[in-house]
2 protein chains.
Amino acid sequence: MKYDSRLSGILHVLLHMADEDVPVTSEHLAKAMRTNPVVIRRIMAGLRQQGLVRSEKGHGGGWRIARDLSTVTVRDIYEAIGSPHIFAIGNRTEAPGCLVEQSVNAAMNDAFAEAEVLLLEQFGKVTLAALSADFHARMTQRANQCAFEDQTDVA
Amino acid sequence: MKYDSRLSGILHVLLHMADEDVPVTSEHLAKAMRTNPVVIRRIMAGLRQQGLVRSEKGHGGGWRIARDLSTVTVRDIYEAIGSPHIFAIGNRTEAPGCLVEQSVNAAMNDAFAEAEVLLLEQFGKVTLAALSADFHARMTQRANQCAFEDQTDVA
DNA sequence: TTTCATGTAACTTTATATGTTGCATGAGTT
DNA sequence: AACTCATGCAACATATAAAGTTACATGAAA
């Protein structure tokens with residue numbers, strides 16, 4: 001199955017950025033995430049529009065987080081990237097005139113709607129600050145690996 | 001966006017079948033759903049393994065529902081087709097050694113897990129009998145169109 | 001003015017759900 | 001027995017969207 005990994009990818013990138021005092025380049029982030037700099041820019045472009053990150057060109061340029069981590073939730077990020085569809089299994093829409101289809105869709109939509117509400121509530125409870133704290137807790141536990149710089153080789 | 005429409009497609013097909021006393025051919029179902037008979041057979045093959053439907057070859061053959069509609073829930077169907085992934089947005093798994101990734105995944109997985117439980121609970125409450133009843137209620141309301149046979153032209 | 005980094009459009013690749021063809025198998029009909 | 005109809009199934013083709021890539025323009029710092 002194929003996933004739209006933008007959300008977790010973005011969270012990943014933001015947490016890496018949060019641990020840097022200087023702007024981080026797309027290339028650096030791309031290496032850490034084993035992807036392409038352009039993909040990073042594409043992801044970040046949307047977030048910049050929402051004021052979540054800033055970009056700087058030229059020497060010493062790169063990406064910086066624009067807001068306090070404690071004021072941004074996973075839900076904010078989700079909405080900043082355009083609230084993509086959450087579910088992989090959806091309703092057929094090919095025969096909207098069919099009453100059977102309408103009955104099925106009605107039942108399914110109710111279920112999906114409730115699950116979506118719950119999921120977004122959960123997302124709303126998780127701040128980037130909390131994620132960062134969790135990450136640092138893991139870091140001290142296993143003081144061995146990771147940290148952003150290592151990602152070039154490891155991640 | 002692209003959906004895995006198997007679940008709603010199957011529900012659709014089953015409800016159509018439920019309204020027929022004789023076996024329904026793959027070709028008939030395919031026309032009703034504007035798809036290919038082979039696609040129908042592919043879908044139904046899994047359900048037959050679970051004992052939800054029966055198939056008969058040759059003259060007068062086709063598909064028949066094997067169980068009482070009131071004993072089958074949407075959740076049963078979902079599980080019968082192999083419990084496909086529910087969410088379109090998932091976790092990256094490309095850097096499992098990265099602690100940032102682990103933190104992100106942990107938080108996301110919790111949220112997803114809760115939403116999944118809720119969704120499946122909802123699915124478990126909806127029987128095929130209930131869906132069928134809802135369909136028939138719509139039928140009597142708008143007595144004009146639909147019914148299975150019409151699907152050849154309309155649906 | 002050279003270097004470095006983002007900005008963006010256009011294109012390519014890849015994954016996968018879906019659609020299609022062809023033929024084998026088995027059940028009923030004539 | 002021969003014929004027709006339907007499923008069973010493998011193999012191949014198509015469509016679509018995410019992800020990756022290339023190329024070049026723009027702007028900032030050295």
Side-chain angles (χ1 to χ4, degrees), chain A residues 1-10 12-13 17 20 22-49 53-66 81-82 84-95, chain B residues 1-10 12-13 17 20 22-49 53-66 81-82 84-95:
Chain A
M1 185 111 354
K2 195 174 190 181
Y3 287 116
D4 178 341
S5 61
R6 270 176 294 172
L7 184 54
S8 65
I10 289 168
H12 197 154
V13 159
M17 280 169 55
E20 298 290 315
V22 294
V24 188
T25 67
S26 301
E27 190 177 9
H28 197 168
L29 291 168
K31 271 185 187 153
M33 301 192 55
R34 292 197 180 289
T35 181
N36 193 288
V38 178
V39 175
I40 299 290
R41 294 193 192 111
R42 206 139 58 188
I43 288 174
M44 304 300 275
L47 295 191
R48 191 186 40 223
Q49 282 190 312
V53 298
R54 267 193 298 268
S55 65
E56 295 164 30
K57 287 184 172 180
H59 266 283
W63 299 93
R64 226 190 258 274
I65 291 189
I81 60 177
H85 287 298
I86 288 175
F87 300 103
I89 52 180
N91 290 330
R92 294 174 58 90
T93 53
E94 294 157 37
Chain B
M1 186 106 0
K2 197 174 189 182
Y3 287 114
D4 178 341
S5 61
R6 269 177 295 173
L7 183 54
S8 66
I10 289 168
H12 196 154
V13 160
M17 279 169 56
E20 298 288 315
V22 293
V24 188
T25 67
S26 302
E27 189 177 9
H28 196 170
L29 291 169
K31 273 186 187 152
M33 301 191 56
R34 294 199 180 288
T35 181
N36 194 288
V38 179
V39 175
I40 299 290
R41 293 194 192 109
R42 207 140 57 189
I43 288 175
M44 305 299 276
L47 295 190
R48 190 186 42 222
Q49 282 191 314
V53 297
R54 267 192 297 268
S55 64
E56 295 164 30
K57 286 183 172 181
H59 266 283
W63 299 94
R64 225 191 261 272
I65 291 189
I81 60 177
H85 287 297
I86 288 175
F87 299 104
I89 52 180
N91 291 330
R92 295 173 58 88
T93 53
E94 295 156 35

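Throughout, a chain's letter reflects where its sequence line sits, starting with A, and its residues are numbered from 1. All values below were derived from every heavy atom in this structure, side-chain atoms included, with hydrogens, water molecules and symmetry-related copies excluded.
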Output the distance between atom [atom1] ([X]) and atom [atom2] ([Y]), rounded to the nearest 0.5 Å.
| X | Y | atom1 | atom2 | result |
| --- | --- | --- | --- | --- |
| A:Glu27 | A:Arg41 | CD | CZ | 8.5 Å |
| B:Ile40 | B:Lys31 | CD1 | NZ | 12.5 Å |
| B:His12 | B:Thr35 | NE2 | OG1 | 12.0 Å |

Find the distance [X]:[atom1] to [N]:[atom2] and express it as a whole number of Å.
| X | N | atom1 | atom2 | result |
| --- | --- | --- | --- | --- |
| B:Met33 | C:dG19 | CE | C1' | 14 Å |
| B:Arg54 | C:dA27 | CZ | C1' | 16 Å |
| A:Met44 | C:dT8 | CE | C1' | 16 Å |
| A:Lys31 | C:dA5 | NZ | P | 10 Å |
| A:Glu27 | C:dC4 | CD | P | 10 Å |
| B:Ile89 | D:dA19 | CD1 | P | 12 Å |
| A:Ile40 | D:dA19 | CD1 | P | 12 Å |
| A:Gln49 | C:dT6 | CD | C1' | 15 Å |

Of all the nucleotides listed ([options]), which has the minimum atom distance to the side chain of [X]?
| X | options | value |
| --- | --- | --- |
| B:Ser55 | D:dT7, C:dG7, C:dG19 | D:dT7 |
| A:Arg42 | C:dT20, C:dT6, D:dG20 | D:dG20 |
| A:Val38 | D:dT21, D:dA29, C:dT6 | D:dT21 |
| B:Val39 | D:dT21, C:dG19, D:dG8 | C:dG19 |
| B:His59 | C:dA5, D:dC5, D:dT7 | D:dC5 |

Can you check whether [X] has a side-chain N or O nearer than 4.0 Å to OP1 or OP2 of [N]?
| X | N | value |
| --- | --- | --- |
| A:Arg48 | C:dT8 | yes |
| B:Ser26 | D:dT7 | yes |
| A:Thr35 | D:dG20 | yes |
| A:Arg41 | C:dT6 | yes |

Self-check item: Toward the 5' end of DNA chain C, by each residue's nearest nucleotide, B:Gly60 or B:Asn36
Solution: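 Comparing both residues, the 5'-ward one is B:Asn36.
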Exercise. For B:Gly62, answer base if it contacts any base atom (sugar-phosphate contacts may also be present), sugar-phosphate if it contacts only those atoms, and nothing otherwise; contact means non-hydrogen atoms under 4.0 Å.
Key: sugar-phosphate
Self-check item: Nearest heavy-atom neighbours spanning A:Glu56 and A:Arg64
Solution: OE2-NE, 3.2 Å
Self-check item: side-chain contact (heavy atoms from CB on, under 4.5 Å) between B:Met44 and B:Val13, intermediate numbers included
Solution: CA-CA 9 Å; B:Met44 305 299 276; B:Val13 160; 4.0 Å; yes
